Amino acid sequence: MATISLKDVRKDYGRNPVIHGISLDVANREFIVIVGPSGCGKSTLLRMVAGLEEITSGTIEIDERVVNQLEPRERDIAMVFQNYALYPHMTVFENMAYGLKIAGKNRTEIAERVSSAANMLELGPYLTRKPRALSGGQRQRVAMGRALVRDPAAFLFDEPLSNLDAKLRVQMRLEIKALQREVGTTSLYVTHDQVEAMTLADRLVVMNGGRAEQIDTPMNVYLKPASVFVASFIGSPAMNIIEARVAAESRGVVVAGRTIDLDHLRLHLPAVGAPVLFGIRPEHIAVSETEKVDLLLTVSAVETLGADALAHCYFEGGKKGRDFVVRLPGTRTVRVGEHLPVVLDRAATHLFDPESKKRLN
Ligand SMILES: Nc1ncnc2c1ncn2[C@@H]1O[C@H](COP(=O)(O)OP(=O)(O)OP(=O)(O)O)[C@@H](O)[C@H]1O
Ligand SMILES: [Mg+2]
């Protein structure tokens, strides 16, 4: 087991920078999830830690040892990829044992380690089968087992579940979580699936365009996103982000002609009249049951999800179809064209700078 430390790690492909300087300290036994849209540099970052890709500058340490110049096999890490090609002519046992055999371990030790990993992954009954006689989820578990038997200092995962169907993905997600609790090996896990990211991570690294926009626990990222990008990327459906202006006397913000009082954020507001981006998540908006109304909305589309429903709305008097989403309990029926007076949860309001797109409060 080990710590991993990245110090201002950069990567250029030719003259094209793809990682702009990322620093990250991963504690022993910590599970870090690197999440971000396609092409933001997640795999590149992971491959640099693995030693499969050279770094342009910066330092990578594994267990306080600088590994910049070390070959992948000298770094004591195990990697699980999206395309976890198993050897088709080998049984599950042989697939899992292969790395240990190459490393020159003796028969008894190999048998013990494979059997222990197989138990953990509930692969015991399949050890003599060939991969073609396994389901997708079972094959994925063999790939995990192959990494597990090596008992490495750290695991690196690159979208290991993205080839599985939705149901299996959920199941494997829970298994990985349980496994991590049991084995406790320091892990870096790459995904573009934000649910996977939220549920697995001790801490998240939210990446955008080769930069780490925020590094924090899933709940802090959800509650206090550091930028408009993070606010829109984490949380489903995405946070509503609206152009607003600071109200007179800095009482709050003006949205669609209505003043939303934000007394508690007074100190974070720019000058009166200045533009500001105002954010609120769909789940922090409720249909008003009293005289108090923050915004008047008109429903333009409804998505019924069972437990809840998403009402896509526009501001009354505003442009039709403008997308402002409200999450309602599934028991409440809403019709297209209906007017919804809503109130906003003040404790869950977000302010961003329209220029830098950074969080203000
Ligand atoms: N060998 C290479 N030469 C040049 N550019 C590359 C190379 N490998 C990756 N890139 C570029 O680096 C950027 C980051 O790629 P990377 O594979 O790390 O993205 P990613 O976040 O893993 O995306 P995805 O979610 O699609 O897997 C992309 O713009 C990609 O085109
Ligand atoms: Mg990738």
Side-chain angles (χ1 to χ4, degrees), residues 35-37 40 194 197-198 203-209 211-288 290 292-298 310-319 321-328 340-361:
V35 64
C40 71
Q194 55 133 331
M198 288 294 284
R203 279 192 304 153
L204 284 179
V205 177
V206 186
M207 279 185 69
N208 181 26
R211 290 188 169 83
E213 293 238 346
Q214 189 166 9
I215 302 176
D216 210 332
T217 61
M219 265 332 259
N220 284 349
V221 170
Y222 172 82
L223 293 171
K224 293 230 172 238
S227 64
V228 170
F229 172 82
V230 177
S232 334
F233 194 76
I234 298 291
S236 175
M239 183 188 288
N240 298 296
I241 294 173
I242 316 147
E243 290 173 10
R245 287 199 173 268
V246 178
E249 295 161 37
S250 298
R251 271 178 298 135
V253 295
V254 181
V255 174
R258 287 177 167 261
T259 298
I260 297 168
D261 54 286
L262 297 170
D263 226 18
H264 64 300
L265 298 182
R266 189 177 276 264
L267 291 177
H268 301 281
L269 287 168
V272 172
V276 65
L277 294 172
F278 174 76
I280 180 104
R281 295 195 186 275
E283 54 271 40
H284 298 136
I285 307 169
V287 177
S288 173
T290 66
K292 184 172 163 52
V293 172
D294 286 323
L295 292 170
L296 264 177
L297 306 172
T298 306
L310 302 177
H312 295 255
C313 307
Y314 56 92
F315 300 121
E316 203 168 56
K319 227 166 60 192
R322 184 141 179 201
D323 228 19
F324 189 81
V325 181
V326 181
R327 174 174 257 156
L328 299 166
L340 282 186
V342 297
V343 285
L344 314 179
D345 179 353
R346 291 298 187 279
T349 52
H350 310 261
L351 296 173
F352 301 97
D353 184 302
E355 288 293 315
S356 70
K357 306 280 195 279
K358 299 285 180 218
R359 182 182 193 83
L360 292 170
N361 64 311

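Please read these numbers as outputs of a predicted model, since none were measured by experiment.
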Would you say the side chain of M239 lies within less than 4.5 Å of the side chain of H350, judging by non-hydrogen atoms?
yes
Partner of D261 by salt bridge (charged side-chain N to carboxylate O under 4.0 Å, His left out), out of R251, R346, R266
R346
NZ or CZ of R281 within 45° of Y222 ring axis and under 6.0 Å
yes
Pairwise distance OG1(T349) to CG(D294) - rounded to 0.5 angstrom:
10.0 Å
Minimal non-hydrogen separation, A271 against V246, with atom names:
O-CB, 3.4 Å
Smallest separation among heavy atoms of P275 and P354, with atom names
O-CG, 3.3 Å
Determine, stepwise, if the pair L351 / V253 fulfils side chain to side chain contact (heavy atoms under 4.5 Å, CB included).
CA-CA 10 Å; L351 296 173; V253 295; 4.1 Å; yes
Applying side chain to side chain contact (heavy atoms under 4.5 Å, CB included) to I241 and V228, what does each step give before you reach the verdict?
CA-CA 8 Å; I241 294 173; V228 170; 3.8 Å; yes
Go through N240 and V326 one step at a time and tell me if the side chain to side chain contact (heavy atoms under 4.5 Å, CB included) criterion holds.
CA-CA 9 Å; N240 298 296; V326 181; 5.9 Å; no
For T259 against A247, the heavy-atom pair lying closest together
CG2-CB, 3.8 Å
Here the pair of heavy atoms bringing P237 nearest to P282 is CG-CG, 3.7 Å
Is there a donor-acceptor contact under 3.5 Å from the side chain of R258 to the main chain of L295?
no
N/O donor-acceptor pair under 3.5 Å between Q214 side chain and A226 backbone:
yes
Interatomic distance, CD1@I280 vs CG@L344, rounded to 0.5 Å, equals 4.5 Å
Determine, using ring centers only, whether Y314 and F324 are less than 6.0 Å apart.
no
Taken to the nearest 0.5 Å, the spacing of T217 OG1 from R203 CZ works out to 9.0 Å
Check whether any side-chain heavy atom of P225 lies under 4.5 Å from a side-chain heavy atom of R359, and answer yes or no.
yes
Any side-chain heavy atom of L360 sitting closer than 4.5 Å to one from L269?
no
Could you walk me through whether K224 and D216 pass the side chain to side chain contact (heavy atoms under 4.5 Å, CB included) test, one step at a time?
CA-CA 10 Å; K224 293 230 172 238; D216 210 332; over 6 Å; no
Report yes if the side chains of F352 and V276 come closer than 4.5 Å at any heavy-atom pair, otherwise no.
no
Determine whether L262 and I260 make a side-chain contact, defined as any pair of heavy atoms from C-beta on separated by less than 4.5 Å.
yes
Tell me the closest heavy-atom pair linking L340 and C313, and the distance in Å.
CD1-SG, 4.2 Å
To the nearest 0.5 Å, tell me how far L265 CG sits from S250 OG.
11.5 Å
So OG of S227 and CZ of R211: to nearest 0.5 Å the spacing works out to 12.0 Å
Rounded to the nearest 0.5 angstrom, the CD1-CG distance for I234 and L204 is 5.5 Å
Could you check whether any side-chain heavy atom of S288 comes within less than 4.5 Å of a side-chain heavy atom of V343, counting everything from C-beta outward?
yes
A348 versus H284, closest heavy-atom pair with distance:
CB-ND1, 3.2 Å
